[in-house]
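Just so it is clear: chains get the letters A, B, ... in the order the sequence lines come, proteins before strands, and each one is counted from 1.
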Amino acid sequence: MKLPLSFYQRPDVVQIARDLLGKYLFTNIGGVLTGGRIVETEAYAHINDQACHSHLGRYTARTKIMYQAGGVAYTYLIYGRYVLFNIITNEEAKADAVLIRGLEPIEGISEMLLRRGLHQPARNLTGGPGLLTQALGITTQHYGTDLTGDLLWLEDRQEPVAEELVVASARVGIDYAGTDAALPWRFRVKGSPWTSPAR
DNA sequence: ACTCGGATGGTCT
DNA sequence: GACCATCCGAGTA
C-alpha cells in the first residue's frame, strides 16, 4: 500500500533515508506503469548540513518546495543533463530531503529500457540518481508532485531491510560541504547490483 | 582496473 | 560568470 504522509512528515530525515531502503517507487506516466525497489538513498538536513540546498534557510525559486510539509517531490536539473529526484520530509518550514540514488527495476522494464535507450537490463538502467529518473520518466515538471497521488508514489511492499544488510557511508559529489561531506548519510542495500557506481 | 575530461543548461551571486 | 547531490567514453595499463 502507499506510504502515508505520516511516513514522510517524521522529524528524523536520516532515519527516513534508512527506512526508504526496500520501499517501492512507481510512476504512471502516459498510462505506463514503471517502478522498482529503492536500494540507495542519501539524507540532506536543513540544519547542520552544508550539503543541503536549504542550508541556512536558503530560499529560492529552486528550493522553495523544500519548505512544504513532507510528502512532495523535489526535482531539479544537474550538470545541464540529468534530473535528480528527492523526497521532501519533515513538517512545513523544516526543509529536509532524501535523494533517491539507486533502484532495482521491477515493473515496466521494457518501457524503462526504451526510455534509457538500452536493449538489456544492466546496472546503468536504474543504478544512479540521474539514470533512475530517466527510466521512470521523472522530469523537472514533477517538481512539487504529491507523493500520495496517482502519478508518482511510494509503496510499502515488504519488510524493512535488515540492519545487517544496510551500509552507511559518506555522501557523493558534495566536496563543497566541508566537514559535513563526511557524515554517513548515504545508505545502500549490501550486495545490490542496482546501486550507483560512485564511490 | 583506473583516471580524466567533456557535455550541457538552469540557478545563483 | 561560476558552479553543479552526474554520466559516459577515451586513454592508459
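Among residues at least two apart or in separate chains, there is no salt bridge (Lys or Arg N to Asp or Glu O under 4.0 Å) pair with a member in residues 73-83 of chain A. Judged as a salt bridge (Lys or Arg N to Asp or Glu O under 4.0 Å), not a single pair has a partner in residues 174-183 of chain A (not counting sequence neighbours). Identified under the side-chain hydrogen bond (donor to acceptor under 3.5 Å, both in side chains) test for residues 23-32 of chain A, with sequence neighbours left out: A:T27-A:T34.
A distance of 11.5 Å separates NZ of A:K94 from OG1 of A:T89, quoted to the nearest 0.5 Å. With rounding to the nearest 0.5 Å, the separation of OG in A:S192 from CZ in A:R37 is 7.0 Å. Atom CG of residue A:N86 and atom CE of residue A:M66 lie 7.0 Å apart, to the nearest 0.5 angstrom. One distance of note links CH2 of A:W185 with CZ of A:R171; it measures 6.0 Å at 0.5 Å rounding. With values rounded to the nearest 0.5 angstrom, A:L77 atom CG is found 13.5 Å from A:Y143 atom OH.
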remark   = Here DNA chain C, pairs taken as Watson-Crick or G-U under 3.5 Å and shown with ( ), [ ] when crossing and | when to another strand, reads ||||.|||||||.

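Shown here are the salt bridge (Lys or Arg N to Asp or Glu O under 4.0 Å) partners of A:R115, two or more places apart in sequence or in another chain: A:E111.
Side-chain contact annotation: A:S169 with A:R188, donor-acceptor N/O pair under 3.5 Å present.
At the phosphate of C:dA5, OP1 or OP2 sits under 4.0 Å from a side-chain N or O atom of A:Y176.
Residue A:M112 comes nearest to A:G35 through the heavy atom pair CE-O, 3.7 Å, listed as atom of the first residue, atom of the second, then distance.
In this entry the distance linking CG of A:L77 with C1' of C:dT6 reads 10 Å, nearest Å. Per the geometry, CG belonging to A:D175 stands 9 Å off P belonging to C:dC4, to the nearest Å.
Nucleotides of DNA chain B that come within less than 4.0 Å of any heavy atom of chain A span, from the 5' end to the 3' end, B:dA7 to B:dT13.
Across A:D96, A:T63, A:N90, a single residue satisfies side-chain hydrogen bond (donor to acceptor under 3.5 Å, both in side chains) together with A:H46, and that is A:D96. With A:K2 as the partner, the side-chain hydrogen bond (donor to acceptor under 3.5 Å, both in side chains) test is satisfied by one option alone out of A:T148, A:D150, A:D156: A:D150.
Residue A:E159 qualifies as open at atom CD: its count of foreign heavy atoms under 6.0 Å is 12 or below. Annotation for A:Q141: atom CD does not count as buried by contact number, only 12 or fewer foreign heavy atoms lying within 6.0 Å.
By the rule that hydrophobic residues join a cluster once side-chain heavy atoms approach within less than 4.5 Å of another member, A:I38 and A:L84 end up as members of separate clusters.
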Distance-only check: which donor-acceptor pairs under 3.5 Å involve side-chain atoms of residues 50-59 of chain A, not counting sequence neighbours?
residue : atom : partner : partner atom : Å
A:H53   : ND1  : A:Y74   : OH           : 2.7
A:S54   : OG   : A:A95   : O            : 2.7
A:H55   : ND1  : A:D49   : O            : 3.3

message = Under the criterion side chain to side chain contact (heavy atoms under 4.5 Å, CB included), I'd like the reasoning laid out for A:V98 against A:Y44: C-alpha separation, chi angles, the key distance, then a yes or no.
response = CA-CA 6 Å; A:V98 176; A:Y44 288 85; over 6 Å; no

request  = Evaluate the criterion side chain to side chain contact (heavy atoms under 4.5 Å, CB included) for residue pair A:R10 and A:I16; output intermediate values, then yes/no.
outcome  = CA-CA 8 Å; A:R10 290 177 292 156; A:I16 293 172; 3.6 Å; yes

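Within the nucleic acid shown, A:G80 comes within 4.0 Å of at least one base atom, counting heavy atoms only.
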key: nucleotides 8-13 of chain C: protein proximity per nucleotide (B base, S sugar-phosphate only, - neither; heavy atom, under 4.0 Å)   = S-----

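At a non-hydrogen distance threshold of 4.0 Å, A:A51, A:H53 from residues 49-58 of chain A come into contact with DNA chain C. Listed by residue number, the members of residues 60-70 of chain A with any heavy atom below 4.0 angstrom from DNA chain C form an empty set. Residues from residues 93-106 of chain A that place a heavy atom under 4.0 Å from any atom of DNA chain C, listed by number: A:L99, A:R101. Listed by residue number, there are no residues of residues 9-21 of chain A with a heavy-atom contact under 4.0 Å to DNA chain B.
At a threshold of 4.0 Å, the pair A:R18-A:D12 does not count as salt-bridged, since none of the basic side-chain nitrogens sits closer than that to a carboxylate oxygen.
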